[in-house]
Number of protein chains: 2
Amino acid sequence: MDTVRKSSGTVGKALSVLDLVASFERPVRFNDVLEVSPYPKATLYRILQNLVTEGVLAFDREWQTYALGVRLVRLAHSAWTQSSLAPVARPHLTALSQATGETIHLAQLDGPHVLYLDKRDAKRRVNMFSEAGKVGPAYCTGVGKAMLAHLSADELDRILPQQSYHRYTPSTICSQQELTVELQQIRQDGFALDREDHEPGIICVAVPVLSRSSQLMGAISITSTSARTSLNKLKKFVPDLQHAASQVAAAAEYWRFPDNQGTPEKMEI
Amino acid sequence: MDTVRKSSGTVGKALSVLDLVASFERPVRFNDVLEVSPYPKATLYRILQNLVTEGVLAFDREWQTYALGVRLVRLAHSAWTQSSLAPVARPHLTALSQATGETIHLAQLDGPHVLYLDKRDAKRRVNMFSEAGKVGPAYCTGVGKAMLAHLSADELDRILPQQSYHRYTPSTICSQQELTVELQQIRQDGFALDREDHEPGIICVAVPVLSRSSQLMGAISITSTSARTSLNKLKKFVPDLQHAASQVAAAAEYWRFPDNQGTPEKMEI
DNA sequence: ATTATAGTTTCATTATTCGGAACTCAAAGG
DNA sequence: CCTTTGAGTTCCGAATAATGAAACTATAAT
């Protein structure tokens, strides 16, 4: 189902096992993993042991189960802080959320999937599939389509075939052809719409976050329900979204600029 | 400074490089990493390349920098969801926060450090990886001491020498001897106090989360400022804390119980 | 033109990993 | 009580991947 990454080296294999354990969404026994893993018993055993000694998997003696370890949470904190748009985008998301009163999402691409990095809830609570760290499909979400539309042809060729094109709702885009047409439109408009593509009753408008050199950095969206508002009303927020996106892009680019600390002492002399 | 984990296998080396990159708290150039890494140029180069192809490091072509990749955020989301106390503790933390109006922390041990898994601010909720995922010292925080007090002698022998015993404030416990005495007291009392050990003006009371078999699972704390309240007043919350801790422990143990799905079909026949 | 610095590639050597097979252990079945 | 079964663990020669000194390239500084 979920595309397995090419796991070339030893590290790749270890990470693929980590993904395998993650995919169970509960602590698993050795045999559970063995059944779905491509590795022979002895090999898998050793890989699991390594991961446990490295603290990236946790082994529960009592239950004899493996689960993802806390070391990952620590690493993710660093990842969130240092690598992504998330920290610089924070105040802008809050501002958007307060200005619109709707749910705001910040996302990046993780391979062929959308990965949600941050979220602001509307005052009124909407029950929805998404929290920081969660992944979702790219071909049928607002942020996903906004990002796909701004990838290079090469990257699209690699990523589009990896989409599942599952029909979540009657309005889901279910083929690469349809998607390609939609992406063309999105590129022209500068924003993407989610017309209940992914969840019935959930609509959204999204814009990409692009660097000065038009490199894709991520996407921001405003989400609501068709009961409360309409796509046309949501579209009114596009300028705000675009403003926020450019602010975030500028902040992200500026943020890494001062780190030109190659040889500061020399320069001062 | 920060203790480097024993990195036995290939995976260990890769993870140690990941930690190295994380420790910069900003995107880094190859040479930055090289200078602090124990590996020769070619070796480090290959390790970094592997990590990039695996999506666990991100390489920025334009700046030629490495940063932790989003794949880690996804894994951490799974780790948070599946392995830790965090998901089951959530409602209990919220309840505590509302009952007391103070800041609540949930933490676990990650090696010798305290790793914060969740937090309730007196006022607003906190984003997942911005606060959750942070690490702190064990020997001078409420949650840290509460957890250390309930480790086995073996584990203490391993972990106590790894503490830094840095004097953050005049009241910081700065030696293993003093700490051992304090832990004895904590074991008797059933709760730990932070008497501005870590930050001036910040006080806290913490209790461990223990399984039925007295295995340490984590710790919960109520934090406040010495300006607003006192240790004696905070102590009044100990029963609430202990109640919450036992609820969380029970929930966590129950939660993994139904997964006894070894041979369900056979049993039904 | 020369030197210095950062990053990349090569390849013979060395160390790890691989995985079939054999083993332990505990529980289920006769 | 003995046998069977299956999960989990260990062994060890063969297969594979990692290692790192050195050479190389590209770019910037002198």
Side-chain angles (χ1 to χ4, degrees), chain A residues 5-18 20-21 24 26-54 56-67 256 259-269, chain B residues 5-18 20-21 24 26-54 56-67 256 259-269:
Chain A
R5 304 208 190 210
K6 50 171 178 272
S7 50
S8 41
T10 308
V11 180
K13 286 168 203 162
L15 283 166
S16 79
V17 170
L18 224 48
L20 230 46
V21 173
F24 281 88
R26 61 176 173 87
V28 280
R29 297 182 144 267
F30 176 78
N31 219 40
D32 300 335
V33 189
L34 182 59
E35 277 167 11
V36 295
S37 97
Y39 307 110
K41 222 207 265 207
T43 303
L44 180 66
Y45 183 75
R46 188 172 25 73
I47 294 177
L48 285 172
Q49 278 208 146
N50 280 339
L51 292 173
V52 169
T53 49
E54 293 303 334
V56 70
L57 269 189
F59 182 70
D60 184 321
R61 303 192 144 271
E62 197 178 344
W63 292 85
Q64 302 214 130
T65 55
Y66 298 87
R256 56 176 61 179
D259 295 5
N260 257 338
Q261 32 189 268
T263 49
E265 307 85 359
K266 281 183 189 171
M267 297 170 81
E268 280 178 17
I269 293 170
Chain B
R5 304 207 190 211
K6 51 170 177 271
S7 49
S8 41
T10 308
V11 180
K13 285 169 202 161
L15 283 166
S16 78
V17 170
L18 223 49
L20 231 45
V21 173
F24 281 87
R26 62 178 172 85
V28 280
R29 301 185 72 102
F30 176 77
N31 219 40
D32 300 335
V33 189
L34 182 59
E35 277 166 10
V36 296
S37 97
Y39 306 110
K41 222 208 275 206
T43 303
L44 180 66
Y45 183 74
R46 188 173 25 73
I47 294 177
L48 285 173
Q49 276 208 148
N50 281 339
L51 292 173
V52 169
T53 51
E54 293 303 334
V56 67
L57 269 189
F59 182 70
D60 183 321
R61 299 192 147 275
E62 196 177 344
W63 292 84
Q64 303 216 127
T65 54
Y66 297 87
R256 57 174 62 179
D259 295 6
N260 256 341
Q261 33 190 267
T263 49
E265 307 84 359
K266 281 184 190 170
M267 296 169 79
E268 281 177 19
I269 292 169

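Just so we're on the same page: letters track the sequence lines, and every chain starts at 1. These numbers come from the heavy atoms of this one structure, side chains and all, not from hydrogens, waters or symmetry mates.
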- Proximal nucleotide (of C:dC18, C:dT10, D:dA7) relative to the B:Ala42 side chain: C:dT10
- When the distance from OH of A:Tyr39 to C1' of D:dT16 is rounded to whole Å, what number comes out? 14 Å
- Query: Looking at A:Leu48 and A:Phe30, what are the two nearest heavy atoms and their distance?
  - Reply: CD1-CD1, 3.6 Å
- Which atom of A:Ser37 lies closest to which atom of A:Leu44, heavy atoms considered: OG-CD2, 3.9 Å
- Distance test, side-chain N/O of B:Arg29 to OP1/OP2 of C:dG7, below 4.0 Å: yes
- Side-chain donor or acceptor of B:Lys41 under 3.5 Å from a matching atom on the base of C:dG7? yes
- Message: Just verifying a value: how many Å separate A:Asp60 CG and A:Arg29 CZ, rounded to the nearest 0.5 Å?
- Response: 10.0 Å
- In whole angstrom, give the distance that lies between atom CG of A:Asn31 and atom P of C:dA26. 18 Å
- When every non-hydrogen atom of B:Leu51 is compared with those of B:Ala14, the smallest separation belongs to CD1-O, 3.8 Å
- Is any side-chain nitrogen or oxygen of A:Arg46 closer than 4.0 Å to OP1 or OP2 of C:dG19? no
- Minimum heavy-atom distance B:Ala67-B:Val21, with the two atoms named: CA-CG1, 4.2 Å
- Selected nucleotide, minimal atom distance to B:Tyr45 side chain, candidates C:dT8, C:dG19, C:dC18: C:dT8
- Interatomic distance where CG belongs to B:Asn50 and C1' belongs to C:dT9 [whole Å]: 15 Å
- Of the listed C:dA6, D:dA7, C:dT17, the closest approach to the B:Thr10 side chain comes from C:dT17
- Task: Under 4.0 Å between any heavy atoms, over every strand shown, what does A:Thr43 touch: base, sugar-phosphate, or nothing? Just pick one.
- Result: base
- Separation of B:Gln49 atom CD from D:dA18 atom P, in whole Å? 12 Å
- Task: Using atom CG of A:Leu48 as one end and atom C1' of C:dG19 as the other, report the distance to the nearest whole Å.
- Result: 15 Å
- What integer distance in Å separates B:Trp63:CH2 from C:dG7:P? 14 Å
- Spacing of B:Lys13 atom NZ relative to C:dT17 atom C1', expressed in whole Å: 12 Å
- DNA chain D: 5'-proximal contact among A:Val11 and A:Phe30 (nearest heavy atom): A:Phe30
- Whole-Å gap separating C1' (C:dT9) and CG (B:Leu44): 15 Å
- Which listed nucleotide (C:dC18, D:dT10, C:dG7) is nearest to the side chain of A:Ile47? C:dC18
